[in-house]
Amino acid sequence: MSFDAAGPISHLDAPSVIRTKRDGGTLSDEAIDWVIDAYTRGEVAEAQMSALLMAIFLRGMTGHEIARWTAAMIASGERLDFSDLRRDGKPLALVDKHSTGGVGDKITIPLVPVVMACGGAVPQAAGRGLGHTGGTLDKLESIPGFTAEITKSQIRQQLCDLGAAIFAAGELAPADRKIYALRDVTATTESLPLIASSVMSKKIAEGTKALVLDSKVGSGAFLDSEAESRELARTMVELGVEHGVQTRALLTDMQTPLGRTVGNAVEVVESLEVLAGGGPDDVVELTLALAREMCDVAGLDGVDPAQTLRDGTAMDRFRDLVAAQGGDVGSLDAAMLPLGQHTETISAPRSGTMGDIDAMAVGLAVWRLGAGRSVPGEQVQFGAGMRIHRKPGEAVAAGEPLFTLYTETPHRLAAAASELDGAWSVGDHAPPTRPLIIDRISM
Ligand code: URA
């Protein structure tokens with residue numbers, strides 16, 4: 001590429017780049033750097049990037065292409081650096097977590113304060129909902145006043161004083177921000193190269209020193225098979241290590257939703273139950289497993305994450321964090337978070353045992369209730385969501401509620417309920433159990 005006074009002059013053009021990938025070719029480093037930069041600056045049209053994303057979705061990328069695409073997305077913005085920050089004269093134990101996307105996956109909300117209470121410092125660049133999966137920012141913004149639009153100096157201050165900041169990626173990897181929003185509405189989310197580069201560009205740019213990934217396996221995950229989720233985890237671990245971030249991953253089950261709530265405010269309510277020392281077993285188990293990995297990779301010795309839930313210190317840290325980011329802590333006390341006023345209950349047709357509940361169907365139902373987006377930038381409904389009254393393997397009495405659906409727009413209820421048709425059953429026997437934590441992947 002050469003430059004004149006008006007900016008870069010390139011011999012590359014979007015149709016040729018799209019054509020190369022459409023026809024199964026490999027994109028050159030130059031083509032990748034150019035298309036990411038030009039798209040971020042608005043010189044490649046949304047329609048052209050949509051076509052390229054679909055070509056990548058269908059044709060895939062080589063390991064080298066993924067690494068280059070990730071590096072180009074990091075280079076599209078700034079890379080934060082907190083290595084100068086000190087607490088009690090010592091460098092901060094900077095560590096973060098990211099999930100590849102799941103249904104009912106509210107784990108970041110209890111996990112961040114647990115790690116704060118263990119002495120870690122979490123610079124968490126969080127995302128919005130993608131496809132059928134929810135986003136941490138959409139959930140947290142259901143707390144009145146809470147904002148993730150915080151300045152760099154506030155992030156630094158919070159990391160030193162409190163041990164965490166949860167922020168919108170903003171100028172970090174702005175190429176990902178645009179591509180993420182486009183993937184959400186062009187059916188191009190479920191792609192290994194696009195997930196790996198999206199997650200890792202944000203996480204490398206956010207300035208963490210260590211990272212634990214939660215790569216989901218099962219119907220509610222973006223990738224179909226365990227082999228693909230494993231490959232995704234390996235790819236992301238390699239990308240992190242190449243960029244100097246100590247990275248490891250857990251492979252975890254996402255065949256059935258996590259916990260008993262799916263949506264925005266309802267998931268915050270359940271997270272508060274976990275922070276109060278209760279909550280569903282699977283949410284507690286995964287929170288603690290990820291917290292132990294984070295403390296270990298950050299070198300925090302002799303800490304007990306479970307104790308922080310028992311003694312209330314994690315709850316105290318969460319309240320500090322919410323208050324620092326403008327949230328109304330009073331609304332947490334009174335469980336005043338907004339649940340949709342229009343509801344529908346699905347009841348048990350017979351007595352027996354709850355069978356498997358399909359995570360993808362639940363994710364789509366909650367999306368239809370208004371918890372996610374169908375056009376870029378759409379405002380989600382904080383009150384949209386679902387309560388799952390009986391988890392797989394639990395006893396069911398005929399006529400009792402199994403699912404309660406919440407929305408602010410009643411015309412959505414019928415379509416959401418029909419997503420659940422055939423996605424659950426009540427039978428005579430408990431379904432086979434699966435481990436929640438399937439494997440651990442490191443280099
Ligand atoms: N999380 C992300 O940040 N990006 C994805 O593509 C999927 C999950």
Side-chain angles (χ1 to χ4, degrees), residues 21 27 32-33 35-37 39-40 44 46 49-50 52-63 65-80 96-102 105 108 123-138 148 167-208 211-216 221-223 228-229 231-240 242-243 245 247 249 254 372-373 376-377:
K21 190 43 78 182
L27 299 179
I32 290 174
D33 294 351
V35 79
I36 293 285
D37 177 59
Y39 175 61
T40 309
V44 164
E46 299 293 329
M49 185 50 95
S50 301
L52 180 58
L53 293 174
M54 187 56 82
I56 293 170
F57 177 92
L58 295 170
R59 293 295 194 168
M61 273 180 157
T62 64
E65 284 177 297
I66 298 173
R68 190 74 184 200
W69 185 272
T70 307
M73 296 223 291
I74 297 169
S76 71
E78 59 181 324
R79 185 171 173 178
L80 300 179
D96 193 17
K97 161 264 179 185
H98 200 85
S99 147
T100 58
D105 184 1
T108 295
Q124 156 91 203
R128 301 198 177 276
L130 185 64
H132 67 283
T133 69
T136 300
L137 293 186
D138 294 332
F167 49 97
E171 288 318 301
L172 305 181
D176 177 58
R177 188 178 66 238
K178 288 186 77 179
I179 291 174
Y180 190 91
L182 197 54
R183 286 167 60 213
D184 192 24
V185 293
T186 56
T188 51
T189 51
E190 302 92 338
S191 153
L192 189 156
L194 297 178
I195 298 170
S197 56
S198 162
V199 169
M200 294 311 294
S201 59
K202 278 191 290 278
K203 296 286 121 174
I204 292 165
E206 75 178 8
T208 191
L211 179 64
V212 177
L213 298 161
D214 180 1
S215 188
K216 300 293 189 191
F222 283 127
L223 301 181
E228 284 173 296
S229 297
E231 182 58 28
L232 172 62
R234 241 185 255 116
T235 304
M236 293 190 297
V237 169
E238 276 169 23
L239 287 169
E242 273 164 26
H243 286 269
V245 179
T247 309
M254 186 33 70
R373 298 175 178 78

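- A donor-acceptor pair is defined here as one N or O able to donate and one able to accept, closer than 3.5 Å; no such pair exists between the side chain of Lys202 and the backbone of Ser197.
- Among all heavy-atom pairs drawn from Ile66 and Pro193, the shortest one is CG1-CB, 3.8 Å.
- Here NE2 of His98 is found 10.0 Å from CD1 of Ile195. Values are rounded to the nearest 0.5 Å.
- Nearest approach of Phe57 to Thr188, heavy atoms of both residues: CD1-CA, 4.0 Å.
- Across all non-hydrogen atoms, the minimal contact from Met49 to Val44 is N-CG1, 4.1 Å.
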Give the intermediate values and the outcome of side-chain contact (heavy atoms from CB on, under 4.5 Å) for residues Glu231 and Leu192.
-> CA-CA 8 Å; Glu231 182 58 28; Leu192 189 156; 3.7 Å; yes
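- Using a distance-only test at 3.5 Å, with no hydrogens or angles considered, a donor-acceptor pair links the side chain of Gln124 to the main chain of Lys97.
- Put simply, the side chain of Phe167 reaches to within 4.5 Å of the side chain of Leu172, judged on heavy atoms.
- Nearest approach of Thr186 to Ser50, heavy atoms of both residues: CG2-OG, 3.8 Å.
- Within the model, atoms OH of Tyr39 and CG of Leu52 stand 10.5 Å from one another, a figure rounded to the nearest 0.5 Å.
- Side-chain atoms of Glu190 do not come within 3.5 Å of backbone N or O of Leu223 as any donor-acceptor pair.
- Of the possible donor and acceptor atoms, one in the side chain of Ser76 sits under 3.5 Å from a partner among the backbone N and O of Ala175.
- Inter-residue side-chain proximity for Ile74 and His243 is flagged as met; some heavy-atom pair is nearer than 4.5 Å.
- Within the 4.5 Å cutoff, no side-chain heavy atoms of Arg68 are placed close to those of Met73.
- Leu27 contributes atom CG, which lies 5.5 Å from atom CE of Met61 (distance to the nearest 0.5 angstrom).
- Between the side chain of Thr208 and the backbone N or O of Leu211 there is no donor-acceptor pair closer than 3.5 Å.
- With Phe222 as the aromatic partner, Lys216 does not meet the cation-pi criteria of under 6.0 angstrom to the ring centre and within 45 degrees of the ring axis.
- Looking only at atom types and distance, the side chain of Ser198 has a donor-acceptor partner in the side chain of Asp176 under 3.5 Å away.
- Of all heavy-atom pairs spanning Asp96 and Ala125, the tightest one is OD2-N, 4.2 Å.
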Leu213 and Met200: side-chain contact (heavy atoms from CB on, under 4.5 Å), yes or no, with the steps?
-> CA-CA 10 Å; Leu213 298 161; Met200 294 311 294; 4.1 Å; yes
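- In this structure, Ile36 and Ala72 approach most closely via the heavy-atom pair CG2-O, 3.6 Å.
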Could you walk me through whether Arg177 and Glu171 pass side-chain contact (heavy atoms from CB on, under 4.5 Å), step by step?
-> CA-CA 9 Å; Arg177 188 178 66 238; Glu171 288 318 301; 4.0 Å; yes
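- A donor-acceptor pair under 3.5 Å is absent between the side-chain atoms of Glu238 and the main chain of Thr235, judged by distance alone.
- Using modelled atom types, one side-chain atom of Ser215 and one backbone atom of Ser229 make a donor-acceptor pair closer than 3.5 Å.
- Two residues are said to be in side-chain contact when any heavy atoms from C-beta on lie closer than 4.5 Å; Leu53 and Leu194 meet this criterion.
- Not one N or O on the side chain of Arg79 forms a donor-acceptor pair closer than 3.5 Å with the backbone of Glu206.
- Checked by atom type and distance alone, the side chain of Arg183 pairs as donor or acceptor with a backbone atom of Thr189 at under 3.5 Å.
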Worked verdict on Trp69 versus Asp33 for side-chain contact (heavy atoms from CB on, under 4.5 Å) | CA-CA 7 Å; Trp69 185 272; Asp33 294 351; over 6 Å; no
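- In this structure the side chain of Asp138 reaches within 4.5 angstrom of the side chain of Arg373, judged on heavy atoms.
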